Structures are given as C-alpha cells and as structure tokens.
Amino acid sequence: MTCLKIYKSFSFGIALSAIGMVMLLGCKKTKEEPQNISKPNEIQSNEFFQYPSYFPAPVYDFSQNPLTKDKIALGKMLFYDPILSADSTIACANCHQPFGAFSHISHSLSHGIKRQFGIRNAPGLFNLAWMPNYMLDGGITHLDLQPLAPIENPVEMGDNLPNVLMKLNRDTTYSKKFKIAWNVDIIGSEHLLKSLSQFMLTIVSCNSKYDMYKTGKGTLTQRELDGMLLVQQNCSPCHGGELFTDFSIRNVGLDSNAGVTSDLGLERITGRKEDRRKFRSPSL
C-alpha cells in the first residue's frame, strides 16, 4: 500500500481577524462537481489518501474538500512557494522541512521574514487528518484555517490574506493552475486554503519498521518488542494508540516561570493562568 502519493517515504522525525477575512472574502460557487463525496468522518481511501488499516478513522471531513490530483499538486506548489510571505523569502517548507518530518529540526526556534525568531519551533506536519486541533497550543480547530496563522504572523510570513490573494491573481501561472483545479477565474480564500489542506492531508506516516510489523510485512527484535511493551505500559497516557498521541493539551511538569522562552502555551489563547505551559502532546 502506498501511503504517500507525493512523498513515497517518510522520515520521522491569532488569527481571529484572518478568520473573519476568510468569511469576508468568501469564494463564489463554482460549477465544478464534487468528487469522491463521503459522509463526515467516513473513511475516504483512494489513490490520493491511503493509510494503514489499523489506524483510526480520520476526523477531517473530506466531503467538504474532496481530494483531486490537480488540487493536491497546486497545494504542493503553494507549500513550497515564498509568494505567501510579505517579502517572498519564506515558504511553508522553510519551517516545515520534508527531511525532518516536515518540522524545523535545524533550529531551536523557527525564524521567518527578516530573520525574526518566533517563540517556538514549528511542529511536524503529518497525520493531520486525525488531529482535532492545530498549533502546539491547540489554538486553531480546523486544518483549512491553520495556514492563516503563519501567513499573518508578523515574525513568520508577515503578510495578510488580501495581499496574498492579490499576488496570486496577478500571477499568470497561478491563474491557470487555479482555473484547472477549481474552475474559477478569480482566486479566493477558500481555493487557497483548501489547496494547501489537500497537499498536507497526503502526508501520512506509514512505513516505519513498526508499521511493517503491524501489517505483517516485517518483524521486531525481542529488544524492540520489550521496548514497545514499556512504551505501552508507561507512555500511553500521552502517547497511546496507533498514532502515538492522544492529542491532549497539557503541562508535563514545566514550572510556570521555567525556561527562557516567553511562550506561555495555551494561556496565550485562553488568558487563564491554569493553562500556562500547556502544549499538545506530540506524536512519537
């Protein structure tokens, strides 16, 4: 089974105003008929999105954004293009590097335009179809809205949605690509954001030695089996299940004033001190 159509191997490794802008810049309805429609939470398994049979059902609603070859390719093109940043120097892939499980393994803190450093490192982008929320603090609840945060963050991509759409509409190559993928003459926010989602949804971790063991295509040594048992017995409260995370937002013991970082975690979203230093449990 091919789990990644675009990447055939996988290395493990606020935007409240912007959300409002999505609504204000809503896209006109197109004549394109949806493909591969599925009910919410129904598994959609085709050549574009495949995953091991022992994985749980995805939570992303594919019926609202059916995958197509052209839209995935367009999303990939956008993911690697710095046109989404204010000075055309930073692309999504600058911080979400493919060789590091789409994370930023080369720096302790990710940096954006004008070499400005943020307050945290970019998390890996994989298995996003199963995530109930996004960002390390869980502050964004839908994948289609997630790209707005880095695009409009002043130290990341430093741009704004209307300006990004203006640049894309002026670009003859993108005008043609969006016409092919979405059958539209004017590129809107929905087309941009859903194209990025389409590409990111195809990034699925599925070919590690553990995956081969689970599918009967490989074996584990006795020491590896012992280690697996230890993880199941001692790490499962945070890293349980086949995705090795419960996606919970929690403080793992950080003192409220610990470290040199100014990152307060979930407290930045809720404003509550009891949420200080709470972050999403990463997958193992």
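Being a predicted model, the structure only gives us computed values, none of them experimental. Just so you know, these numbers use all the heavy atoms, side chains as well, and skip hydrogens, waters and symmetry mates.
A salt bridge is defined here as a Lys NZ or Arg NE, NH1 or NH2 lying under 4.0 Å from an Asp or Glu carboxylate O, and K177 with D171 fails to meet this definition. Comment: K114 does not engage D87 in a salt bridge, judged by the lack of any side-chain N to carboxylate O separation of less than 4.0 angstrom. Salt-bridge formation is detected for the pair R272/D275: a Lys NZ or Arg NE/NH1/NH2 atom is positioned less than 4.0 Å from an Asp or Glu carboxylate oxygen.
Proximity of L161 to I151: side-chain heavy atoms (C-beta onward) are nowhere separated by under 4.5 Å. A 4.5 Å side-chain heavy-atom check between N251 and L266 finds every atom pair outside the cut-off. Inter-residue side-chain proximity for K179 and N183 is flagged as met; some heavy-atom pair is nearer than 4.5 Å. Under the 4.5 Å side-chain criterion, counting only non-hydrogen atoms from C-beta, K194 is not in contact with K71. For the pair V164/L192, a side-chain contact is recorded, criterion being any heavy-atom separation below 4.5 Å from C-beta on. By the 4.5 Å heavy-atom criterion applied to side chains, H239 and P282 are counted as neighbours. Taking the side chain as every heavy atom from C-beta outward, S205 and Y51 never approach each other to under 4.5 Å. Side-chain contact between T202 and F49 is absent, with no heavy atoms from C-beta onward closer than 4.5 Å.
With 3.5 Å as the limit, one finds a donor-acceptor pair spanning the side chains of D61 and S63. A donor-acceptor contact closer than 3.5 angstrom links the side chains of Y174 and D81.
Remark: F244 pairs with Y210 by the ring-ring contact (aromatic ring centres under 6.0 Å, His included) rule, at least two apart or across chains. For D159, the salt bridge (charged side-chain N to carboxylate O under 4.0 Å, His left out) partners at least two apart in sequence or on another chain are K167.
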Requested in this report: Decide side-chain contact (heavy atoms from CB on, under 4.5 Å) for E267 and K278; before the verdict, give the C-alpha distance in whole Å, the side-chain angles of both, and the deciding distance to 0.1 Å.
Outcome: CA-CA 7 Å; E267 183 184 353; K278 287 185 178 180; over 6 Å; no
Requested in this report: Before giving the answer on side-chain contact (heavy atoms from CB on, under 4.5 Å), spell out for M157 and E152 the whole-Å C-alpha distance, their side-chain angles and the decisive distance to 0.1 Å.
Outcome: CA-CA 6 Å; M157 304 179 93; E152 299 212 336; over 6 Å; no
Report task. Show your reasoning for whether side-chain contact (heavy atoms from CB on, under 4.5 Å) applies to V204 and F55. Result -> CA-CA 11 Å; V204 180; F55 271 32; 4.2 Å; yes
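Residues F279 and G265 approach most closely at CE2-CA, 3.4 Å, considering heavy atoms. Looking at every heavy atom in both residues, D246 comes nearest to R250 through OD2-NH2, 2.6 Å. In plain terms, the two heavy atoms of S88 and I83 that are nearest each other are OG-CA, 4.1 Å. Across every non-hydrogen atom of I72 and F48, the tightest pair is CD1-CB, 3.5 Å. Residues V59 and P132 come closest through the heavy atom pair CG2-N, 4.4 Å. Here the closest non-hydrogen pair linking F178 and S195 is CE2-OG, 4.1 Å.
The structure places CG of N127 at 13.5 Å from CE of M200, a figure rounded to the nearest 0.5 Å. Rounding to the nearest 0.5 Å places CE of M212 at 6.0 Å from NZ of K217. Of the inter-residue distances, the one linking Q198 atom CD with F62 atom CZ reads 9.0 Å to the nearest 0.5 angstrom. The SG atom of C206 sits 9.0 Å away from the CD atom of Q50 when rounded to the nearest 0.5 Å. Rounding to the nearest 0.5 angstrom, the gap separating the OG atom in S197 from the CD atom in E190 is 10.5 Å. Here the CG-CG distance, from L168 to L78, works out to 6.5 Å after rounding to the nearest 0.5 Å.
Between the N94 side chain and the A91 main chain, a donor and an acceptor come within less than 3.5 Å of each other. Between the side chain of S283 and the main chain of T245, no donor-acceptor pair closer than 3.5 Å is present. Put simply, the side chain of H191 never gets that close to the backbone of A181: no donor and acceptor are under 3.5 Å apart. Within the 3.5 Å criterion, the main-chain N or O of P52 finds no donor-acceptor partner in the side chain of D211.
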List, one per line, each side-chain donor-acceptor pair under 3.5 Å for residues 224-232, sequence neighbours excluded.
unit_1: E224; atom_1: OE1; unit_2: K209; atom_2: NZ; d: 3.0
unit_1: E224; atom_1: OE1; unit_2: T221; atom_2: N; d: 2.8
unit_1: E224; atom_1: OE1; unit_2: T221; atom_2: OG1; d: 3.3
unit_1: E224; atom_1: OE2; unit_2: K209; atom_2: NZ; d: 3.1
unit_1: D226; atom_1: OD1; unit_2: Q222; atom_2: NE2; d: 3.0

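Note: H142 and Y134 fail the aromatic proximity criterion, with ring centroids not under 6.0 Å apart.
For the salt bridge (Lys or Arg N to Asp or Glu O under 4.0 Å) with D137, the lone residue among R120, R276, R277 that qualifies is R120.
Under a hydrophobic-cluster definition in which Ile, Leu, Val, Met, Phe, Trp and Tyr are linked whenever side-chain heavy atoms come within less than 4.5 Å, directly or via other members, M166 and L193 are assigned to different clusters. Under the 4.5 Å side-chain heavy-atom criterion for Ile, Leu, Val, Met, Phe, Trp and Tyr, F247 and L125 are members of the same hydrophobic cluster.
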